[in-house]
Amino acid sequence: MRITKPPKSGVFKKKDSTIKDINPIIIKIIYLDQNIWIELAKGWYSKKGESYNTVLKLKEKIKNKDLIVVISIIHFFETLKIKNEKRRENLLNFMMDISEGNVISPFSEEIINKEIYNMFRRRFSLEEIDIKKEIIGKGIPYILGSEWFNKLIEKYKIPEHLKKQVMNLASSTKMLKTIFSSPDHIAHNQKQIEDLNNLKTKFNEVREKERIYKDKDFGNRVIMIKYFIWRILPKINEIILRLLLNKDFILKKGHTKKDFIKIFQEIPSAYTYFFLIEMRDRNMTRPIHEHDLYDIMSLTVAIPYCDIVVGEKMFIGIAKQTKLDKIYSTILLSSIKELDKYLT
């Protein structure tokens with residue numbers, strides 16, 4: 001028998017999060033691309049120019065608790081690529097100072113899963129998972145998402161009376177900087193860069209195979225449907241089966257393209273990820289760079305879950321073209337000059 005009412009317990013019962021209380025109350029969340037961080041740091045250390053004035057405004061807003069600026073693991077990866085030790089250390093110190101250790105998790109399957117859960121919760125008028133609280137917060141616990149850190153706590157069976165101490169230490173800016181500036185981590189980062197360079201060729205080959213349709217509009221629709229069927233539909237169907245719901249509970253027979261897009265938009269990180277990649281891949285004359293992968297992994301989460309995103313021109317242009325800023329009520333900027341206007 002299929003049901004249309006939610007169960008009293010089960011898949012939608014929200015778990016107690018070990019670190020759910022770490023995340024501070026915030027007003028505005030700002031995400032900055034690595035290039036913006038570098039330019040602001042240059043201005044700060046030179047103590048002159050427009051960038052320096054922007055940093056002063058940022059610091060004032062942060063001091064007044066009007067906003068926070070978040071960093072991600074992607075920023076650490078890119079910073080550790082800098083071979084000059086002094087430049088690397090200066091940039092790292094600057095990012096730690098401005099962010100105050102506030103971190104945003106990168107794109108992951110776990111985020112998609114929670115977004116899909118929320119899709120079902122809305123239809124049953126249930127309280128939604130506050131994803132922002134689970135992916136934005138202080139220090140190491142949020143570097144790969146709160147779920148990851150909670151599992152780590154469980155794995156090592158940290159006694160209840162020590163959990164608070166462990167979390168306080170893990171949430172500190174000092175611990176964050178220590179871990180990501182260690183020689184071992186720098187060496188590990190170099191290995192990841194090599195792996196990314198190897199992946200570029202594979203991604204370019206995949207793009208060549210996907211872009212085989214002479215009718216480009218038709219081809220673009222096929223790519224989107226294939227992505228949804230491969231990445232999203234199995235997750236939706238799994239919940240439908242677990243709750244004994246009708247198979248057309250989400251995707252109904254007779255749904256139009258507009259209906260399908262609306263459903264897709266209810267999964268913000270997956271929708272953002274798809275369009276950043278899909279629109280980039282339409283430009284067949286532009287090779288895929290390793291920087292693209294970094295940008296996509298971070299912007300995919302930053303665009304739907306931050307208030308202001310200052311990013312690389314190409315991807316910000318794509319986000320605006322596909323109306324991601326309108327859909328998720330995010331201010332998208334591509335320069336320090338633009339950011340400065342919002343801080344005035």
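As the structure is a computational prediction, the values presented were derived from the model and not from experiment.
Checked by atom type, the side-chain pair Ser298/Tyr31 shows a donor-acceptor distance below 3.5 Å. Side-chain contact check for Thr79 and Gln34: at least one donor-acceptor pair (N or O, by modelled atom type) lies under 3.5 Å. Side-chain atoms of Ser99 and Asn102 form no donor-acceptor pair, as typed in the model, at a separation below 3.5 Å. Using a 3.5 Å distance cut-off with no hydrogens or angles, the side chains of Glu115 and Ser269 do pair a donor with an acceptor. For the residue pair Lys57 / Thr344, a side-chain donor-acceptor distance below 3.5 Å is found, with atom types taken as modelled. Checked by atom type, the side-chain pair Asp340/Thr54 shows a donor-acceptor distance below 3.5 Å.
Crowding of Lys326 atom NZ: a count of heavy atoms from other residues, nucleotides or ligands under 6.0 Å not exceeding 12.
Remark: Lys59 qualifies as a cation-pi partner of Trp44 under the 6.0 Å distance and 45° angle criteria applied to the six-membered ring.
Looking only at distances, a side-chain donor or acceptor of Asn84 sits under 3.5 Å from a matching main-chain atom of Arg87. The main-chain N or O of Glu89 is found under 3.5 Å from a side-chain atom of Asn93 such that the two form a donor-acceptor pair. A distance-only check finds no donor-acceptor pair linking the side chain of Asp325 to the backbone of Leu332 [under 3.5 Å]. Put simply, the side chain of His75 gets close to the backbone of Leu32: a donor and an acceptor are under 3.5 Å apart. Remark: side-chain polar atoms of Arg88 are not paired, donor with acceptor, to backbone N or O of Leu80 under 3.5 angstrom. Looking at Lys28, its side chain never comes within 3.5 Å of a backbone N or O of Lys65 through a donor-acceptor pair. The backbone N or O of Ile316 lies less than 3.5 Å from no partner atom in the side chain of Lys320, so there is not a single donor-acceptor pair. Within the 3.5 Å criterion, the main-chain N or O of Asn35 finds a donor-acceptor partner in the side chain of Asp33. A donor-acceptor distance shorter than 3.5 angstrom exists from the side chain of Ser105 to the backbone of Tyr142, with no hydrogens or angles considered. In terms of modelled atom types and a separation under 3.5 Å, the side chain of Tyr294 and the main chain of Phe77 share no donor-acceptor contact.
In plain terms, the two heavy atoms of Val301 and Pro106 that are nearest each other are CG2-C, 3.6 Å. Leu251 and Phe260 make their closest contact through CD2-CD1, 4.2 Å (heavy atoms, listed as atom of the first residue, atom of the second, distance).
The line from CZ of Phe315 to CD1 of Ile296 is 4.0 Å long, rounded to the nearest 0.5 Å. Expressed to the nearest 0.5 Å, how far NZ of Lys323 lies from CZ of Phe275 amounts to 11.0 Å. To the nearest 0.5 angstrom, Lys83 atom NZ is 14.5 Å from Glu85 atom CD. Put simply, CD on Glu109 and NZ on Lys235 are 4.0 Å apart, with the number rounded to the nearest 0.5 Å. The CD1 atom of Ile30 sits 5.5 Å away from the CG atom of Leu58 when rounded to the nearest 0.5 Å. In this structure, the separation between CD1 on Ile131 and CD1 on Ile111 is 7.5 Å, given to the nearest 0.5 Å.
Between Phe228 and Phe264, the ring-plane angle classifies as perpendicular under the 30° and 60° cut-offs.
Inter-residue side-chain proximity for Tyr273 and Ile303 is flagged as unmet; no heavy-atom pair is nearer than 4.5 Å. Annotation: side chain of Val55 is in contact with side chain of Phe94 (closest heavy-atom distance under 4.5 Å). In this structure, Leu67 and Lys61 have side chains that are in contact, with non-hydrogen atoms separated by less than 4.5 Å.
A salt bridge between Lys114 and Glu134 is present, with a side-chain N of the basic residue lying under 4.0 Å from a carboxylate O of the acidic one. Electrostatic pairing of Lys262 and Glu266 does not count as a salt bridge here, judged by no charged N lying under 4.0 Å from a carboxylate O. Salt-bridge check for Glu127 with Arg121: failed, with every basic side-chain N at 4.0 Å or more from each acidic carboxylate O.
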Could you please spell out the steps behind the salt bridge (Lys or Arg N to Asp or Glu O under 4.0 Å) verdict for Lys63 and Glu60?
CA-CA 5 Å; Lys63 182 181 176 182; Glu60 185 64 24; 5.2 Å; no
Salt bridge (Lys or Arg N to Asp or Glu O under 4.0 Å) assessment of Arg122 paired with Glu128
CA-CA 7 Å; Arg122 277 180 218 113; Glu128 295 181 28; 3.0 Å; yes
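Within the 6.0 Å centre-distance limit, the rings of Phe124 and Phe249 are counted as a close aromatic pair.
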